[in-house]
Structure formats: structure tokens, C-alpha cells
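All remarks here apply to the structure that follows.
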Amino acid sequence: MKTVAFLTLGCKVNTYESEAMMKLFTLDGYTNVDFKDKADVYVINTCTVTNTGDSKSRQMIRKAIKQNKDAIICVVGCYSQIAKDDVLKIDGVDIVLGTSHRDEIVECVHEYLENGQVIERVDDIARVKEFEDLDVDRYLHNTRAFMKIQDGCNNFCTYCIIPYARGRVRSRKPESVITQAQKLVDHGFVEIVLTGIHTAGYGLDLDHYDFYDLLVDLTTKVHGLKRLRISSIEMSQIDHRIIDLIAFSPIVVDHLHIPIQSGCDKILKRMNRHYTTSEFAEKLKELKTKLPTLSVTTDVIVGFPGETDEDFEITYQWIKKMHFNQLHVFPYSPRTGTPAAKMKDQIDGHIKKERVKRLLDLSHELQYEFATSQIGKILEVLIEERHGDYMIGHASNYLKVKVKLDDDSVGHIYKVFIDKQDDVELIGSVVDEKTE
């Protein structure tokens with residue numbers, strides 16, 4: 001029996017790509033085993049978003065080599081794209097792919113088995129124009145199906161290495177997206193989460209077809225799809241067509257994750273974010289007016305170079321005023337090779353830690369208030385797993401809900417009356433049989 005083990009670092013896009021590569025190995029007769037077990041092939045799907053990500057990637061490569069010195073060690077992904085020479089210097093690495101050629105990984109293994117020569121296929125990603133169509137039609141451990149629709153980013157924020165690791169925006173062909181979405185639904189998934197490096201940048205490289213067109217096609221052409229969720233979207237990409245679609249489509253959920261990164265215009269400019277807080281606030285007001293049930297979550301980076309106490313306080317008060325429903329808070333981490341890493345006025349670690357704590361405390365307050373506002377309402381909940389006496393899942397607005405159900409409820413959507421809350425989670429009772 002041939003065995004393969006995967007270790008995936010980083011984002012949901014990496015998770016998707018690992019699933020796709022695992023499918024290729026499965027089709028070639030391999031059995032997937034846990035990374036901590038002995039395997040014939042190890043695939044380390046790396047991350048480079050921070051210097052820590054680089055270090056963790058190297059650590060996991062060495063761990064795989066130590067576990068089985070006779071195994072074939074494949075290193076793929078963002079870190080190997082950025083630092084292929086550093087990866088190749090690690091004694092025991094056999095195959096190095098970047099953020100392309102992953103659809104050839106099994107062929108690379110065969111080639112290595114034939115001649116025993118180290119294989120390196122890392123292209124100049126800035127020159128890659130075509131989307132690498134990696135297919136995933138089922139997940140073993142997920143109740144929600146993530147589906148990658150694009151790769152790359154054109155924004156070049158000053159803190160971010162990803163455009164250098166992933167290249168410019170490349171969109172998956174619309175017919176490929178629709179076909180895969182139908183396969184996922186046919187395999188029992190009722191919710192699909194659209195993901196990518198710059199998800200709503202989908203279509204920037206296509207003629208007369210954009211992200212809105214894709215949303216329309218997914219909600220009208222995929223038979224049996226109950227929920228469509230956007231993993232993340234920039235405020236500049238939310239136009240009136242998308243607002244109306246969310247308002248009127250029973251399939252697109254009432255939750256958007258819209259990164260702000262800072263609530264201070266001075267810092268946004270230093271980050272090379274192409275909007276002001278007033279522009280963001282104006283669009284957010286329109287969203288909440290037209291979509292009163294909409295839940296909006298966001299990302300914030302604190303301790304960016306040059307962020308004074310006053311700048312942070314401006315961010316804190318602005319976020320509080322905007323009333324996001326949850327914050328994902330990150331301390332700024334210098335990434336070698338980005339403009340921000342060379343900026344003066346880097347912030348001390350203990351100051352970043354204090355600012356992170358303040359925003360996380362604010363996030364908890366905002367999430368608690370939002371949860372409280374849901375009591376007495378009926379929410380549609382996708383059941384995902386058991387937690388003690390309760391089954392737990394996400395409502396369409398992304399709040400977690402606990403409900404008494406049997407284990408076979410996993411993967412199904414139920415209408416749940418919200419009776420009370422347990423901190424930021426909700427507790428409810430089924431008011432109807434499952435909706436699908």
C-alpha cells in the first residue's frame with residue numbers, strides 16, 4: 001500500500017490546494033495517512049505570510065525528513081515560491097514546487113522514483129497568466145465546502161508578501177466553477193464558501209464577466225445549493241448589484257467579511273490601502289440600511305510602523321462606532337521583502353500586545369451584543385459537529401448556535417428558534433424539520 005501524508009500551513013486557499021493534491025494521489029492509488037505517521041511521500045504545503053510562517057515551514061520539512069529518511073519529501077506553496085534556494089539547501093528535500101505545477105505533483109513523484117534526481121519546478125509567478133485548475137469535489141472532514149475561484153492579488157499592500165508569492169489575479173473559468181460547485185452539491189454539501197487570494201477580484205482578467213456575474217450563475221445554475229458564502233471581500237468591490245443580490249437571493253448569506261486593517265487614514269495610506277475611513281463608513285451605512293440583518297466582520301492590523309497611541313485610539317473609536325460584529329485582530333509582523341519591513345518607527349512588541357488585547361476585548365463586546373440581538377429570532381443553522389449535549393453549527397450570519405439534535409443532523413440546515421445565549425454563542429430549539 002502506497003501512503004502519502006500532508007501538512008498544510010496557512011490559509012483556507014492552501015487547505016483547498018492540499019485537498020486537490022490529495023485527490024490526485026488518491027487517484028494514483030495512494031492512501032492518505034496522518035502527518036505524524038510513517039509515509040512513503042510527505043507533502044508540506046508551506047506559508048510565507050510572515051517570517052514565522054517561513055520558520056514553521058522549515059521546521060515541518062525537517063520533521064517529515066526525520067520521520068522517514070526513505071520517504072519522498074515534496075515542498076510546495078508560498079514559501080518555496082519565495083525562497084526555493086533555501087528549501088533546496090535542506091538536505092532530504094526531493095521535490096520543490098511553488099504556487100504552480102501542483103497539478104503535476106504525482107508525475108513529479110513518479111519521475112523522482114525513476115531517476116532519483118531532485119526536481120525543482122518554480123516559475124516566475126509574475127509571468128504566470130493562467131489559473132491552475134485544481135479540482136476538489138468532496139471533503140472528508142468539512143460540512144461546508146470551500147471552493148477556490150481565483151489566485152493572485154494586484155493590490156501590493158506594503159505589509160504583504162503574497163502578491164510576490166502568488167502573482168497577479170488569475171480567475172478560474174466560469175464553467176469550471178459551476179461544474180465543481182454542482183459536484184460538491186451532488187456529494188451532499190449544502191453550503192459553498194467562495195475563496196481565493198483576493199476572492200472578489202475574480203474576473204479582473206476576464207472579458208465581460210466579473211464576480212457579480214459568477215454569483216448570479218452560482219445561485220441560478222447550481223441545482224440544490226442552499227447557501228453561498230463569500231470568504232472575504234474588499235469594500236471597493238461591493239457595488240449596488242452585489243448588495244441587491246444579497247438582499248434578494250435566498251442563497252447568498254447575510255454575512256460579509258470586509259477587511260478594514262486600520263481605522264486611521266494616516267495608517268491606511270502607509271499600508272497602501274486604496275480607501276479612506278469615510279468612504280468605507282459610507283458604504284457600510286448603505287449596506288446596513290439595505291440589508292438590516294447583515295452581519296459584518298473585519299480584519300484589523302495593530303502596531304503597524306508609525307502607528308502612534310493617538311492613531312490606535314482613532315482606530316479603536318472608529319471601529320466601535322462602525323459596530324462590526326466581530327474582529328480578527330493581528331499584531332503587525334514585519335515580513336522581509338515588503339516595504340513596511342523597511343519603514344522607520346517599528347512598534348515595540350509589548351505595545352502591539354496591549355493593543356491586540358484592547359481590540360479583542362472590544363470584539364467580544366460587539367459579538368456579545370450581536371448575539372443578544374438574535375434572541376427570539378429564527379435562524380437557519382448548518383449543523384457541523386457535536387459539543388457535549390449539543391450539536392453546534394453556524395447560522396447564515398455566522399454566529400455559532402447550539403441545539404439538541406441527533407448526530408445524523410450533521411451537514412443539514414435546520415430552522416432554529418433562539419432561546420438564549422451562552423456568552424457569544426446562541427442556544428436554540430428546532431422549530432421545523434431540516435430545510436433541505
Side-chain angles (χ1 to χ4, degrees), residues 6-23 35 43-61 75-83 97-100 102 105 125 128 131-136 139 141-142 144-157 159-172 180 191-202 211 229-234 237 255-261 271 273 297-301 326-333 335 337-338 394 398:
F6 277 78
L7 189 285
T8 305
L9 300 167
C11 63
K12 288 287 191 295
V13 175
N14 268 13
T15 301
Y16 176 93
E17 290 161 350
S18 287
E19 290 278 353
M21 287 184 284
M22 194 184 300
K23 178 182 174 182
F35 188 76
V43 180
I44 301 92
N45 194 355
T46 60
C47 176
T48 193
V49 73
T50 64
N51 290 344
T52 304
D54 289 0
S55 176
K56 183 76 171 176
S57 295
R58 291 190 295 270
Q59 181 186 340
M60 292 298 103
I61 294 165
V75 182
V76 305
C78 292
Y79 176 57
S80 51
Q81 178 68 47
I82 290 291
L97 309 177
T99 50
S100 59
R102 289 159 302 187
I105 190 167
I125 201 65
V128 176
F131 178 86
E132 184 180 45
D133 205 335
L134 293 164
D135 185 55
V136 177
Y139 289 84
H141 306 294
N142 291 24
R144 294 180 297 143
F146 288 86
M147 185 170 68
K148 181 184 169 189
I149 61 169
Q150 67 83 229
D151 209 336
C153 180
N154 300 347
N155 284 353
F156 292 91
C157 299
Y159 52 81
C160 187
I161 196 71
I162 295 306
Y164 307 95
R166 289 280 181 169
R168 300 185 74 81
V169 166
R170 303 179 304 284
S171 303
R172 190 173 188 172
Q180 192 195 334
E191 177 176 324
I192 290 175
V193 183
L194 300 180
T195 190
I197 297 301
H198 188 53
T199 308
Y202 179 91
F211 186 58
R229 191 180 297 275
I230 304 163
S231 60
S232 182
I233 186 169
E234 295 288 340
Q237 294 166 324
H255 166 249
L256 289 174
H257 185 78
I258 314 172
I260 181 64
Q261 306 304 8
M271 289 177 167
R273 302 287 290 174
T297 56
T298 195
D299 292 335
V300 190
I301 296 172
Q326 186 182 5
L327 315 175
H328 296 173
V329 186
F330 308 92
Y332 168 72
S333 177
R335 177 57 179 88
T338 61
H394 283 91
Y398 210 57

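- At least one side-chain heavy atom of R335 sits under 4.5 Å from a side-chain heavy atom of T48.
- For Y79 against S57, the heavy-atom pair with the smallest separation is CD2-CB, 3.8 Å.
- Closest of all the heavy-atom pairs between N154 and V169 is OD1-N, 2.9 Å.
- A salt bridge links E234 with R273: the distance from a Lys NZ or Arg NE/NH1/NH2 to an Asp or Glu carboxylate oxygen falls below 4.0 Å.
- In this structure the side chain of R166 reaches within 4.5 angstrom of the side chain of V13, judged on heavy atoms.
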Open item on the list: Checking S333 against T50 for the side chain to side chain donor-acceptor pair (under 3.5 Å) test, could you report, in this order, the C-alpha distance in whole Å, the side-chain angles of both residues, the deciding distance, and whether it holds?
Closed with: CA-CA 6 Å; S333 177; T50 64; 4.8 Å; no
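- Contact annotation: the side chain of F6 approaches that of M21 to within less than 4.5 Å [non-hydrogen atoms, C-beta and beyond].
- A distance of 3.5 Å separates CG in N45 from OG in S18, rounded to the nearest 0.5 Å.
- Using a 4.5 Å heavy-atom threshold, the side chains of Y159 and T338 count as separate.
- With rounding to the nearest 0.5 angstrom, the SG atom of C78 is 7.5 Å from the CD atom of E17.
- No side-chain donor-acceptor contact under 3.5 Å links T297 to the backbone of L327.
- Not a single ring-ring contact (aromatic ring centres under 6.0 Å, His included) links F146 to another residue, sequence neighbours left out.
- Summarising the geometry of Q237 relative to A200, their closest heavy-atom pair is OE1-CB, 3.1 Å, with the distance given to 0.1 Å.
- E191 meets the side chain to side chain donor-acceptor pair (under 3.5 Å) test with R227, R229; sequence neighbours excluded.
- Atoms NE2 and CD1, from H255 and I230 in turn, are 10.0 Å apart once rounded to the nearest 0.5 Å.
- Summarising the geometry, atom CD1 belonging to I82 is positioned 10.0 Å from atom OG1 belonging to T46; distances are rounded to the nearest 0.5 Å.
- Contact detail for T199 and S231: the closest heavy-atom pair is OG1-OG, 3.3 Å.
- Looking at heavy atoms from C-beta onward, M271 lies out of side-chain contact with C157 at the 4.5 angstrom threshold.
- Using a 4.0 Å cut-off between charged side-chain N and carboxylate O, R170 and D133 make no salt bridge.
- Residue K23 is tested with D135, L134, V136 for a side chain to side chain contact (heavy atoms under 4.5 Å, CB included); the sole match is D135.
- Here the closest heavy-atom approach between residue G201 and residue S171 is recorded as O-OG, 4.4 Å.
- In this structure, T99 contributes its side chain and A165 its backbone to a donor-acceptor pair below 3.5 Å.
- F35 is listed as a side-chain neighbour of I44, based on a closest heavy-atom distance under 4.5 Å.
- In this structure the side chain of L194 never reaches within 4.5 angstrom of the side chain of Y202, judged on heavy atoms.
- Note: D54 CG to Q59 CD = 12.5 Å, rounded to the nearest 0.5 Å.
- Closest of all the heavy-atom pairs between T298 and I258 is OG1-O, 2.5 Å.
- Taking the side chain as every heavy atom from C-beta outward, I197 and Q150 approach each other to under 4.5 Å.
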Open item on the list: Go through it in stages, so that I can follow the logic: the residues are L7 and L9, the test is side chain to side chain contact (heavy atoms under 4.5 Å, CB included), and I'd like the CA-CA distance, side-chain angles, deciding distance and then a yes or no.
Closed with: CA-CA 7 Å; L7 189 285; L9 300 167; 3.7 Å; yes
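- Atoms NE2 and CG, from H198 and N155 in turn, are 4.5 Å apart once rounded to the nearest 0.5 Å.
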